[in-house]
Amino acid sequence: MDYRSAFLSPSDLESFTAHLQRSQRIVAVPGAGLSASSGLPTFRGAGGLWRNYNATSLATPGAFRSDPGLVWMFYSYRRHMSLNAKPNPAHYALAELARRKPEFLTLSQNVDGLSPRAGHPADQVKLLHGSLFDVKCEDESCGYIRRDDFDDPIVPALAIPADESSMAEQSKARPDQALQAAMARKAALIKGLDISDASIPIPTIPRSSLPHCPKCKTSLLRPGVVWFGEMLPEAVLSDIDAYFDEVDPKPQAEAGNKGHMQPKKVDLCLVIGTSSQVYPAAGYASQARSMGARVAVINTDPSDARDLQEGDWFFKGDAADIVPEILKSVIGEPKASEVGKAG
Ligand code: APR
Ligand code: ZN
């Protein structure tokens with residue numbers, strides 16, 4: 001028996017697989033748990049603190065107004081961590097499912113860029129909460145936005161302080177090998193200090209050293225993510241509405257029903273690694289259910305499998321193990337290059 005099967009009840013896996021194979025319209029709603037095994041912290045529960053701050057309290061327009069340097073440092077750290085993380089087998093599995101099932105749509109809450117980097121087709125993943133790699137003017141009336149900015153750091157003042165001790169140690173270990181020493185120094189610079197730990201000092205960054213808007217030249221740039229109290233991107237919302245409103249004219253015309261076009265049925269909804277506390281994301285599973293979908297929840301914590309109903313599935317465990325396993329009958333075995341998890 002595959003060791004991963006130990007997580008899964010064979011009868012659940014069997015009934016899920018049968019339903020998956022019949023499903024065409026599939027919606028996935030992933031959250032931070034999808035990227036946990038790539039080494040990125042989640043928001044709630046263990047790892048949800050950044051220094052002494054609740055990660056969610058830094059993700060507000062008010063926090064940015066009152067301390068833009070601190071909020072930028074938090075996002076600079078997350079950009080740095082995400083750039084140095086690798087997609088895990090669950091990201092690749094969802095990307096492959098998208099290629100196999102053209103009516104599969106992922107509504108992701110994650111801003112870490114790992115689904116796009118796993119090759120998930122862009123028109124099949126909607127980034128509900130924006131991206132760490134979009135930056136925009138804090139003044140909405142200016143309207144400047146820059147996408148796919150992968151500079152790390154985005155400005156010199158936001159560099160993650162390097163881990164000098166590990167640099168010294170590693171170059172000491174191989175004094176005669178210049179290349180090894182240079183590589184070790186580079187690795188220590190890339191890794192940086194873990195500034196999520198409040199005992200590691202970070203600089204106070206003056207406003208003048210933060211990234212400024214090149215268009216209006218007065219306001220600051222801010223991360224292009226959706227903060228608490230803000231609207232989701234309009235284009236994303238209208239694409240999602242269009243998906244849920246799509247009608248299938250053929251069978252209805254056959255039924256002589258031309259005047260009352262019903263939206264297409266949704267077959268399956270996969271809720272992956274999210275605490276389902278933030279709306280509208282948390283509402284998409286019930287919307288899919290109201291359109292006929294059966295729901296499968298994948299989470300390490302059963303208490304976050306909310307509103308389970310008869311006929312749903314709950315698969316407990318790490319998304320990086322479970323997702324490729326339960327989708328295997330449609331997507332096949334993962335490629336060797338896609339199986340590594342964060343070490
Ligand atoms: N595999 C599967 N699930 C996991 C794993 C894992 N390896 N690790 C953690 N989880 C689960 C946790 O049990 C929890 O239910 O992932 C969930 C993460 O929940 P949150 O930290 O609340 O993250 P998320 O649901 O994505 O948060 C939603 O809140 O502040 C925001 O905008 C931010 O997009 C985020 C939103
Ligand atoms: Zn501007």
Side-chain angles (χ1 to χ4, degrees), residues 4 7 28-50 53-60 63 74-75 78 82 85 88-91 93-94 106-112 114-115 126-132 135-146 210-233 236 270-285 296-306 314-326 341-342:
R4 283 170 294 186
F7 288 103
V29 188
L34 173 65
S35 297
S37 124
S38 295
L40 300 180
T42 59
F43 291 90
R44 297 170 184 80
L49 277 189
W50 189 79
Y53 305 93
N54 202 320
T56 53
S57 74
L58 294 172
T60 68
F74 172 56
Y75 282 94
R78 291 180 56 201
S82 299
N88 69 51
H91 295 103
L94 294 174
T106 294
L107 310 176
S108 180
Q109 299 168 81
N110 296 345
V111 293
D112 53 33
L114 293 182
S115 287
K126 299 296 161 196
L127 302 179
L128 299 172
H129 296 167
S131 165
L132 287 173
V135 284
K136 61 184 188 182
C137 184
E138 65 173 332
D139 175 3
E140 253 178 77
S141 66
C142 164
Y144 176 80
I145 179 154
R146 179 161 78 226
L210 292 174
H212 278 71
C213 175
K215 187 176 165 199
C216 65
K217 298 196 166 58
T218 46
S219 299
L220 292 179
L221 290 175
R222 54 159 278 185
V225 299
V226 177
W227 282 332
F228 285 99
E230 295 186 318
M231 281 283 291
L232 269 56
V236 168
L270 306 168
V271 180
I272 305 167
T274 173
S275 61
S276 296
Q277 289 183 41
V278 175
Y279 284 81
Y284 289 132
V297 177
I298 296 101
N299 201 301
T300 42
D301 181 353
S303 63
D304 278 346
R306 289 161 212 280
F314 174 61
F315 297 114
K316 180 176 182 298
D318 182 354
D321 292 320
I322 307 264
V323 174
E325 186 67 19
I326 62 175
K341 289 211 235 165

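The model shown is predicted, which means the values in this text are computed figures rather than measured ones. First listed ligand is number 1; within each ligand, the first listed atom is number 1.
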Just heavy atoms, cut-off under 4.0 Å: does R44 contact ligand 1 by side chain, backbone, both, or neither?
both
Identify the protein heavy atom lying closest to atom 19 (O) of ligand 1, giving its residue, its atom name and the separation to 0.1 Å.
S275 N, 3.3 Å
If we set the cut-off at 4.0 Å for heavy atoms, which region of A32 has an atom near ligand 1: side chain, backbone, both, or neither?
both
Value rounded to 0.5 Å, distance of OH in Y144 from NE2 in H212:
13.5 Å
Any donor-acceptor N/O pair, H129 side chain to L127 backbone, under 3.5 Å:
no
Distance col, row L49:CG vs L58:CG, nearest 0.5 angstrom, shows 10.0 Å
Can you confirm whether D304 sits close enough to S276 that some side-chain heavy atom of one is under 4.5 Å from a side-chain heavy atom of the other?
no
Is it the case that ligand 1 has an N or O less than 3.5 angstrom from some N or O of F43?
yes
Any N/O pair Q109/ligand 1 closer than 3.5 Å
yes
Specify the protein heavy atom at minimum distance from atom 6 (C) of ligand 1: its residue, its atom name, and the distance to 0.1 Å.
G33 O, 3.4 Å
closest protein heavy atom to atom 12 (C) of ligand 1 is N299 OD1, 3.5 Å
Closer than 4.0 Å to some heavy atom of G317 - which atoms of ligand 1 meet that?
1 (N), 2 (C)
Does any N or O of ligand 1 fall below 3.5 Å from an N or O anywhere on D318, backbone included?
yes
Go through ligand 1 atom by atom and flag the ones less than 4.0 Å from a non-hydrogen atom of T56.
30 (O)
Under 3.5 Å donor-acceptor, S108 side chain and N110 backbone:
yes
Measure the CG-CD distance between L232 and Q109 for me, rounded to the nearest 0.5 Å.
9.5 Å
Quick one: look up the protein heavy atom nearest atom 34 (O) of ligand 1 and list residue, atom name and how far away it is.
H129 ND1, 2.8 Å
How far is atom 30 (O) of ligand 1 from its nearest protein heavy atom, and which residue and atom is that?
F228 CZ, 3.3 Å
Please confirm whether the backbone N or O of G143 pairs with a side-chain atom of K215, one donor and one acceptor, at under 3.5 Å?
no
Quick one: which ligand 1 atoms are inside 4.0 Å of a heavy atom on T274?
15 (O), 16 (O), 17 (C), 24 (P), 25 (O)
Angle in degrees, rounded to 10°, that SG of C213 and SG of C137 form at the Zn ion (ligand 2):
110°
For atom 5 (C) of ligand 1, what is the nearest protein heavy atom, given as residue, atom name and distance?
T300 OG1, 3.5 Å
Can you tell me the protein heavy atom closest to atom 14 (C) of ligand 1 and the distance?
D304 OD2, 3.3 Å
At less than 4.0 angstrom from any non-hydrogen atom of G31, what atoms of ligand 1 do you find?
26 (O)
Compute the shortest N/O to N/O distance between G273 and ligand 1 and return yes if it is under 3.5 Å, no if not.
yes
Exercise: do N88 and S38 side chains pair donor with acceptor under 3.5 Å
yes
Under 4.0 Å to a heavy atom of A319 - the qualifying atoms of ligand 1, by number:
1 (N), 2 (C), 6 (C)
For T274, does its backbone N or O pair with a side-chain atom of N299 as donor and acceptor, under 3.5 Å?
yes
So how far is it from W50 CH2 to S57 OG, rounded to the nearest 0.5 Å?
10.5 Å
Which residue and atom name correspond to the protein heavy atom nearest atom 36 (C) of ligand 1, and how close is it?
V278 CG2, 3.8 Å
Gap between atom CG of L34 and atom OG of S115 - 0.5 Å precision
5.5 Å
So does R222 pair up with E230, basic N to acidic O under 4.0 Å?
yes
State the CG-SG distance between D139 and C216, to the nearest 0.5 angstrom.
6.0 Å
If you have a sec, read the angle at the Zn ion (ligand 2) from C142 atom SG over to C216 atom SG, to 10 degrees.
120°
